[in-house]
Each structure stands twice: as C-alpha cells, then as structure tokens.
J.: 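So that we are looking at the same thing, I have put the structure below in structure tokens.
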Number of protein chains: 2
Amino acid sequence: MSKKRLGNVWMGETCPIRQVLDRFGDKWSILIIELLSQEGKLRFSEIAQTIGDISQKMLTVTLRSLESDGLVTRRFYPEIPPRVEYELSDLGRSLVPHIEQLTGWGQAHMATIMENRRLFEAKRMEKN
Amino acid sequence: MSKKRLGNVWMGETCPIRQVLDRFGDKWSILIIELLSQEGKLRFSEIAQTIGDISQKMLTVTLRSLESDGLVTRRFYPEIPPRVEYELSDLGRSLVPHIEQLTGWGQAHMATIMENRRLFEAKRMEKN
DNA sequence: CAACTTACTTACCTTTTAGTAACAATCGTG
DNA sequence: CACGATTGTTACTAAAAGGTAAGTAAGTTG
C-alpha cells in the first residue's frame with residue numbers, strides 16, 4: 001500500500017539527484033568546466049575575460065571549490081606579476097560528455113520550451 | 001590573437017549552458033521530473049509525501065513552471081475534494097535519460113569528490 | 001618612488017530563492 | 001453548521017547566493 005515512506009531515495013542527502021544539484025547547480029561551475037574542456041589550460045584572467053560577466057570574487061570561489069573537489073587543477077607560477085593556470089583533471093574531464101548531453105538537449109528543445117511558455121502565459125491571460 | 005571577445009558563446013542569454021542552468025538549476029525541477037519518470041502518474045499529495053521536505057508552495061510553483069514549459073501535463077478532476085494528476089509529457093520524458101546520465105556520474109564519483117574535499121581542507125589547515 | 005600588473009581577499013550590500021503559516025474553495029458527512 | 005479532505009494562494013520572513021568596490025602582495029618599469 002504505502003510506497004515505502006521511510007528512508008526512500010528521494011529524501012535527504014543520500015539522494016544522488018540532490019547531491020549533483022547541490023554540487024553543480026550554482027551559477028558558474030558547469031560553465032567553467034565546459035570552458036576549460038574546450039580551451040584546455042587557461043589563466044585566471046583569460047577565464048574572466050571569456051565569460052565576461054563573472055565577478056572576480058565568484059571566479060575565485062568557483063575555481064577554488066572545483067579545485068577542492070578535484071575537478072580542476074591549479075598551477076601557480078611565482079613570477080611577478082604572478083601567473084596561475086587552470087586545467088581540467090581526469091575527473092573533471094569525465095564529467096564533460098554528460099554536461100554536453102544535457103546542453104545538447106537544451107539546444108534542441110529550448111526554443112520549444114520558450115514557445116510553450118509563451119502559449120501558457122497567453123492562455124493564462126485570456127482567462128482573466 | 002584575441003579569441004573573439006564579442007558575441008562569444010559564453011556570454012549572455014544565448015549560451016546554451018546558461019539556458020539549461022537557468023531552467024533546471026533550481027532546487028526541485030529535476031527531482032520532480034525524475035520522480036514522475038519512475039512513478040508515472042502522481043497526485044499533488046503523492047509527490048509531496050514522497051519528497052517529504054518540499055513545501056506546498058514550492059511544489060505548486062515548480063509544478064506550474066514545469067507545466068508552463070510543456071515538460072509536465074496536469075489533469076484536473078473537479079471532484080470534491082479535488083484531484084489533480086501530474087505526468088511527464090513526451091518532451092519531459094526526452095530529458096530523463098540525460099538527467100540519469102548525470103546522476104549516474106554522481107553516484108560513481110561523488111564519494112571521490114567528498115574525499116578530495118576532505119583532503120583539500122586538511123592541506124589548507126596544515127598551512128595555518 | 002609612484003604606477004602597473006595579476007591573482008586574489010575582505011567587508012558590505014543587493015537580489016534571489018525558498019520556507020512558514022494562515023487563508024480559500026468546495027461539498028458531503030455527522 | 002462545524003469539520004475534513006485536497007489543491008492551491010498570499011503575505012511575510014529567513015537564508016543563500018552573488019555583486020561591488022576597495023585593499024594586498026611584490027617586483028618591474030618609467
């Protein structure tokens with residue numbers, strides 16, 4: 001009768017969907033992973049300039065958390081001025097195809113979604 | 001020299017990664033899609049009870065936006081008390097395999113990520 | 001010796017996201 | 001005629017996320 005309510009997969013921190021969302025649902029992580037995948041090694045300032053509208057603060061915290069999780073490697077060259085290069089790790093690279101699957105789906109269907117949204121809004125209006 | 005700074009794919013609303021993140025980066029959408037994929041047709045209250053820690057408000061706004069985008073269908077039965085059934089549309093179903101790819105990667109590697117995070121934190125501590 | 005460069009860090013503030021709790025609509029039942 | 005059941009809505013609040021702007025280090029250049 002009851003579809004097991006206790007300890008089911010959908011609740012709490014053990015739910016794999018929530019884990020993934022928790023790690024990659026932020027504004028910049030996936031974007032930076034995909035960028036590094038396409039461009040290879042990049043300096044801090046190159047990432048900043050390519051993305052364009054990321055703040056210095058968010059770029060550092062995002063890169064730091066990607067490094068902390070072993071998705072990105074950071075190489076520091078103690079020159080003056082300093083140089084830092086970021087690159088995907090093997091773990092990071094292993095994620096890329098799955099991201100691209102998802103964005104591929106996005107490219108294929110996002111226009112439909114926007115149109116659906118428009119139609120839904122139109123229907124909602126005519127009921128008032 | 002300059003890797004085209006103007007109108008590049010990484011900036012603005014045309015970037016497919018940002019579009020996907022914008023639509024699915026919220027706390028509940030993907031979870032609900034996957035739940036409907038596994039359980040088929042579900043009532044409002046069944047979704048609420050299975051997830052357990054979603055608020056009534058967030059369940060309605062998330063379902064409403066999924067419906068608006070054509071990812072979920074809503075069938076209303078004007079009984080007393082009312083009954084509403086939610087189900088994935090074809091468009092919604094077409095997204096499921098890509099979500100599962102990603103959560104599959106999560107299940108395979110999240111333990112490593114957590115361990116990396118622990119090690120990184122340990123290193124950070126010993127430097128102070 | 002002030003200015004410049006790069007890669008940060010920090011304090012502060014704004015915006016966005018989500019939660020809480022109360023209320024609405026509906027009609028059959030006790 | 002109050003009550004319960006179900007699917008919402010609304011106003012208010014709390015928390016999280018992210019942006020802004022200023023500061024830091026450290027050697028090189030004019």
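Chain letters run A, B, ... following the sequence lines, proteins first and then strands; every chain starts at 1.
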J.: Return the value, rounded to whole Å, for the distance between atom CG of L63(B) and atom P of dT6(D).
T.: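 Taking CG of L63(B) and P of dT6(D), I get 17 Å after rounding.
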J.: What integer distance in Å separates M58(A):CE from dT16(C):P?
T.: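 Checked: the CE to P distance equals 15 Å.
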J.: Quick one: L59(B) CG to dT17(C) P, roughly how many Å, whole number?
T.: 18 Å
J.: Nearest whole Å is fine: how far is dA7(C) C1' from R83(A) CZ?
T.: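 Computing the R83(A):CZ to dA7(C):C1' distance gives 13 Å.
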J.: Decide, yes or no, whether a salt bridge links R118(A) with D69(B) under the criterion of side-chain N to carboxylate O below 4.0 Å.
T.: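 No, no charged N to carboxylate O under 4.0 Å.
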J.: Between D53(B) and R18(A), is the closest basic N to carboxylate O distance under 4.0 Å?
T.: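 Answer for the salt bridge query: yes.
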J.: Counting only heavy atoms not in E13(A), do more than 12 sit closer than 6.0 Å to its CD atom?
T.: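 Open: at most 12 neighbouring heavy atoms sit under 6.0 Å from CD of E13(A).
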J.: Heavy-atom nearest nucleotide on DNA chain C for P82(B) versus E85(A): which residue maps closer to 5'?
T.: E85(A)
J.: Report the nucleotide, chosen from dA7(C), dT20(C), dG19(D), that has the shortest atom-to-atom distance to any side-chain atom of S45(A).
T.: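 Minimum distance to the S45(A) side chain belongs to dA7(C).
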J.: Of the listed nucleotides (dA18(C), dC8(C), dT9(D)), which one gets closest to any side-chain atom of Y86(A)?
T.: dC8(C)
J.: Picking from dG19(D), dC8(C), dT6(D), which would you name as closest to the side chain of P81(B)?
T.: dT6(D)
J.: For the pair made of NZ in K27(B) and P in dA16(D), what is the distance, rounded to whole Å?
T.: 9 Å
J.: Which residues pass the side chain to side chain contact (heavy atoms under 4.5 Å, CB included) test with V61(B), sequence neighbours left out?
T.: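 V61(B) satisfies side chain to side chain contact (heavy atoms under 4.5 Å, CB included) with K57(B), M58(B) only.
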J.: Nearest-Å distance, CG (D26(A)) to P (dA16(D))?
T.: 15 Å
J.: What nucleotide among dT6(D), dG8(D), dA22(D) has an atom nearest to a side-chain atom of R64(B)?
T.: dG8(D)
J.: Which word best sums up how the rings of F24(A) and W105(B) line up, parallel for under 30°, tilted for 30 to 60°, or perpendicular for over 60°?
T.: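 The arrangement is perpendicular - the two ring planes meet at more than 60°.
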J.: Within residues 70-78 of chain A, which residues have any heavy atom lying less than 4.0 Å from an atom of DNA chain C?
T.: R74(A)
J.: Identify, between K57(A) and T60(A), the residue whose nearest nucleotide on DNA chain C lies closer to the 5' end.
T.: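 Mapping each residue to its closest nucleotide by heavy atoms, the 5'-most match is T60(A).
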J.: Round to the nearest Å and state the distance from R43(A) atom CZ to dT6(C) atom P.
T.: 7 Å
J.: Checking N116(B) now: which residues fulfil side chain to side chain contact (heavy atoms under 4.5 Å, CB included) with it, not counting sequence neighbours?
T.: L91(A), T112(B)
J.: Mark yes or no for whether E46(B), through its side chain, and R43(B), through its backbone, hold a donor-acceptor pair below 3.5 Å.
T.: yes
J.: If you check the I80(B) side chain, which of dT26(C), dC8(C), dT9(D) turns out closest?
T.: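 Among dT26(C), dC8(C), dT9(D), the one nearest the side chain of I80(B) is dT26(C).
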J.: Expressed as a whole number of angstroms, how long is the span from L31(B):CG to dA18(C):P?
T.: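 Going from CG in L31(B) over to P in dA18(C) covers 12 Å.
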